[in-house]
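Before any comments, here is the structure.
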Amino acid sequence: MRSITSRVTALVAATALAVAGCSSSDEDGAKAEMNGDKVIIDTLSPADPDTNLATNSISKLMSDKFKIDFRFQSTTFDAAAAKEKRQISLASGDYPDLYMLIPWVDGFTQAEVLKLGTQGVALPIENLIKENAPNIQKALDSNKTLKEMATAPDGHIYAMPQWADCYHCTYPDKLWMNSTWLKKLGLQQPKTTEELRTVLKAFKTQDPNGNGKADEIPMSTDARDSSLIAYLMGAFAYDPVGSNNGTRGLLTLNGDKVVTPIDKPEWREGLKYINSLVAEGLIDKASFTQSSDALRAIGDNPKAVQLGSVPVLHPGIFVTLDSKDGRDKQYDSVPPLTGPTGKSYTGLQYPTSISFTFMLTNKASKEAQIAAIKMLDYIYTDEGQRIATMGPEGVGWVKPGPKDVALDAKAKAAYKPLPSATTPKNISWGALAQYNNTLAYRNAQAVPTDIYSEAGYERRLFQATKQYEGHEDKAQFFPTVSVWIDPSFGAELATLQTNLDSYVLQNQLAMITGSKSLDTDWDAFVKGLEGVGMPRYLELYQQAYDKYKNGK
């Protein structure tokens, strides 16, 4: 897989340059393909196993409403496979008129957007928006961060990101602990790092699931969804979040100076603490390698409840919601721990969607461009959001009744999602359409007050997240989405990012699991950061941040 990916990367660069050389700068260059009165738009999008975009209810609705004949090329929700197919389409030159993607599956990075935009593959759409999309324009004008993240340094908008004010996603570094086990053992939720150690030891040794076997796993997670290092590190140092379901961030701010926390003494102390829990068998070593399916298999093990605590975004990742034995209701969130020096941080992810998911290419005709942007503009309305993300009224959602309560009790309920178990499959675009999912919109959904019911799940996450709000350190938060690197440094930055991410991940895991020593190998790790380009990485981001701060 790694060799394929590297070949694809090289092909993309070569192909994109070739495309840029032969493509017309005239946006009307492509000739419209029509099917009757509908403009054909070749579209590449991910789809889950229950979704057939060609026959999907929303595909048909959008097709009829905006006179579009979608020719979908569907990928998968497997991020690696979806991104590879996306890259192959670019490398081969056989790419679509429109990429419509999902942030946490296969969204384009800022660097990729810049590259494709400056090479002429991605069309600038700011004028298209001004002329045809008043709702998108209103969102850009009223949301400073959205406008900053959408607008490249040359003033063009080459692609649109989704905007999803997912409150519980804003604070992703959570820990979910088995409250039933705590109650059985006469323990309280831990508040400090050492209290957590005491609880995990009890989970390991005192048979809280009551089956007479030492099969309890005090703490586990999976490699993709883990917030293990981040949650525990928060008791020692501020850990920047980074991308959706991806590698952690490397940057924080010290005043207006761009720095990294990972070479500081506090970071070392955090890793020492995590290593001590692993060494005592309180953290499952499989946490750093196992898949989400493997974690779910443990969480759903019909023979016994085995998981004591899991650091992930939400419980639905590791246990089936609305389980027959009610085990999913046993897990409650644990607020950020306090460390030995009194620190108690949590990571901040803002905005929650940081990649680009709507990109028109130079293969799209003017007619296709206008139809696609008008469709997206409809999705930017509340009506469009409801229908596109949930399905038609009466099928995926209904109007709230007089007794229904909005997610935010201060808001008026505007719509009521129907439980997924009762709705037909293939009726919505779901996450593919979350383009203007504002806090006001999300908070107006009617959600049952029983937080442990499947329908009340969003309220459960909303209430849990309140425990984390305020623990973020906004003074250290680096506004990644608003800070654009000069395109001339794009290739260099991409190489630095890849090398640093790999180096940091491998060495941190080695020091946590004990194959390297935090006593004897730490200095070499810090020195090695220079060898993989950390000083240059910080320099490039400092230059970009200074320009951002100066309004340039």
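Since this is a predicted model, take the numbers as computed values, not measurements.
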[X] side chain vs [Y] backbone, donor-acceptor pair below 3.5 Å:
X	Y	value
Ser309	Pro218	yes
Trp176	Val312	yes
Thr423	Ser420	yes
Arg460	Asp332	no
Gln445	Arg442	yes
Thr252	Phe477	no
Thr221	Val310	no
Tyr435	Thr357	yes
Tyr273	Thr193	yes
Asn209	Val305	yes

To the nearest 0.5 Å, how far apart are [atom1] in [X] and [atom2] in [Y]?
X	Y	atom1	atom2	result
Ile283	Leu200	CD1	CG	7.5 Å
Ile217	Leu282	CD1	CG	12.5 Å
Ile229	Arg248	CD1	CZ	9.0 Å
Thr480	Ile354	OG1	CD1	6.5 Å
Ser517	Asn275	OG	CG	8.5 Å

Subject >> Within 6.0 angstrom of Lys516 NZ, more than 12 heavy atoms from elsewhere >> reply: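 For Lys516, atom NZ is not crowded (no more than 12 foreign heavy atoms under 6.0 Å).
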
**OP:** State whether the number of non-hydrogen atoms from other residues, nucleotides or ligands found under 6.0 Å of Lys416 atom NZ is greater than 12.
**Re:**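 No, because the 6.0 Å sphere around NZ of Lys416 holds 12 heavy atoms or fewer from other groups.
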
Consider only side-chain N and O atoms of [X] and [Y], and report whether a donor and an acceptor are under 3.5 Å apart.
X	Y	result
Gln434	Asn437	no
Trp429	Ser59	yes
Thr320	Arg296	yes
Ser502	Gln506	yes
Gln467	Tyr171	no
Lys174	Thr465	yes
Trp267	Gln508	yes
Tyr415	Asp404	no
Gln290	Ser220	yes
Thr51	Asp48	yes

Validation row: [X], [Y] side chains within 4.5 angstrom (heavy atoms):
X	Y	result
Leu44	Leu101	yes
Tyr350	Lys474	no
Phe70	Leu53	no
Leu187	Trp181	no
Gln330	Val319	no
Pro311	Leu175	yes
Val504	Leu529	yes
Ile262	Met534	yes

Considering only NZ, NE, NH1 and NH2 on the basic side and carboxylate oxygens on the acidic side, decide whether [X] and [Y] come within less than 4.0 Å.
X	Y	value
Glu383	Arg386	no
Lys201	Glu280	yes
Lys410	Asp408	no
Glu112	Arg86	yes
Lys272	Asp519	yes
Asp450	Lys329	no
Arg268	Asp263	no

Taking all atoms of both residues into account, what is the closest heavy-atom pair of [X] and [Y], and its distance?
X	Y	value
Trp163	Pro351	CZ3-CB, 3.5 Å
Pro261	Pro240	CG-CD, 3.8 Å
Leu232	Leu196	CD2-CD2, 3.5 Å
Gly299	Leu307	CA-CD1, 3.6 Å
Ala446	Pro417	O-CD, 3.6 Å
Gln188	Val199	O-CG2, 3.9 Å

**OP:** Go through the steps to decide whether Glu393 and Ile387 satisfy the test side-chain contact (heavy atoms from CB on, under 4.5 Å), and finish with yes or no.
**Re:** CA-CA 7 Å; Glu393 182 179 358; Ile387 292 173; 5.9 Å; no

**OP:** Could you check Glu469 against Lys466 for side-chain contact (heavy atoms from CB on, under 4.5 Å), going step by step and ending with a plain yes or no?
**Re:** CA-CA 5 Å; Glu469 186 176 0; Lys466 289 290 183 184; 3.9 Å; yes

Original post:
What's the verdict on side-chain contact (heavy atoms from CB on, under 4.5 Å) for Thr75 and Lys83, showing C-alpha distance, side-chain angles and the deciding distance?
Top reply: CA-CA 9 Å; Thr75 61; Lys83 286 178 182 176; over 6 Å; no

Subject >> Derivation of the salt bridge (charged side-chain N to carboxylate O under 4.0 Å, His left out) call for Lys85 and Asp78 >> reply: CA-CA 11 Å; Lys85 188 168 183 180; Asp78 179 321; over 6 Å; no

Subject >> For Tyr99, the option from Phe108, Phe358, Phe356 that meets ring-ring contact (aromatic ring centres under 6.0 Å, His included) >> reply: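 Going through Phe108, Phe358, Phe356 one by one, the ring-ring contact (aromatic ring centres under 6.0 Å, His included) with Tyr99 is satisfied by Phe108 alone.
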
**OP:** Indicate the ring-plane relationship of Tyr331 and Phe318, choosing parallel, tilted or perpendicular according to the 30° and 60° boundaries.
**Re:**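 Ring orientation of Tyr331 relative to Phe318: perpendicular.
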
**OP:** Take the angle between the ring planes of Tyr503 and Phe525 and call it parallel below 30°, perpendicular above 60°, tilted in between.
**Re:**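 Rings of Tyr503 and Phe525: parallel, under 30°.
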
**OP:** Quickly, which of Asp50, Asn52, Thr55 forms a side chain to side chain donor-acceptor pair (under 3.5 Å) with Asn426? Name it, please.
**Re:**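 When side chain to side chain donor-acceptor pair (under 3.5 Å) is applied between Asn426 and each of Asp50, Asn52, Thr55, only Thr55 qualifies.
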
Original post:
Which is it for Lys285 and Val278 under the side-chain contact (heavy atoms from CB on, under 4.5 Å) test, yes or no, and what are the steps along the way?
Top reply: CA-CA 7 Å; Lys285 281 192 175 182; Val278 172; 3.8 Å; yes

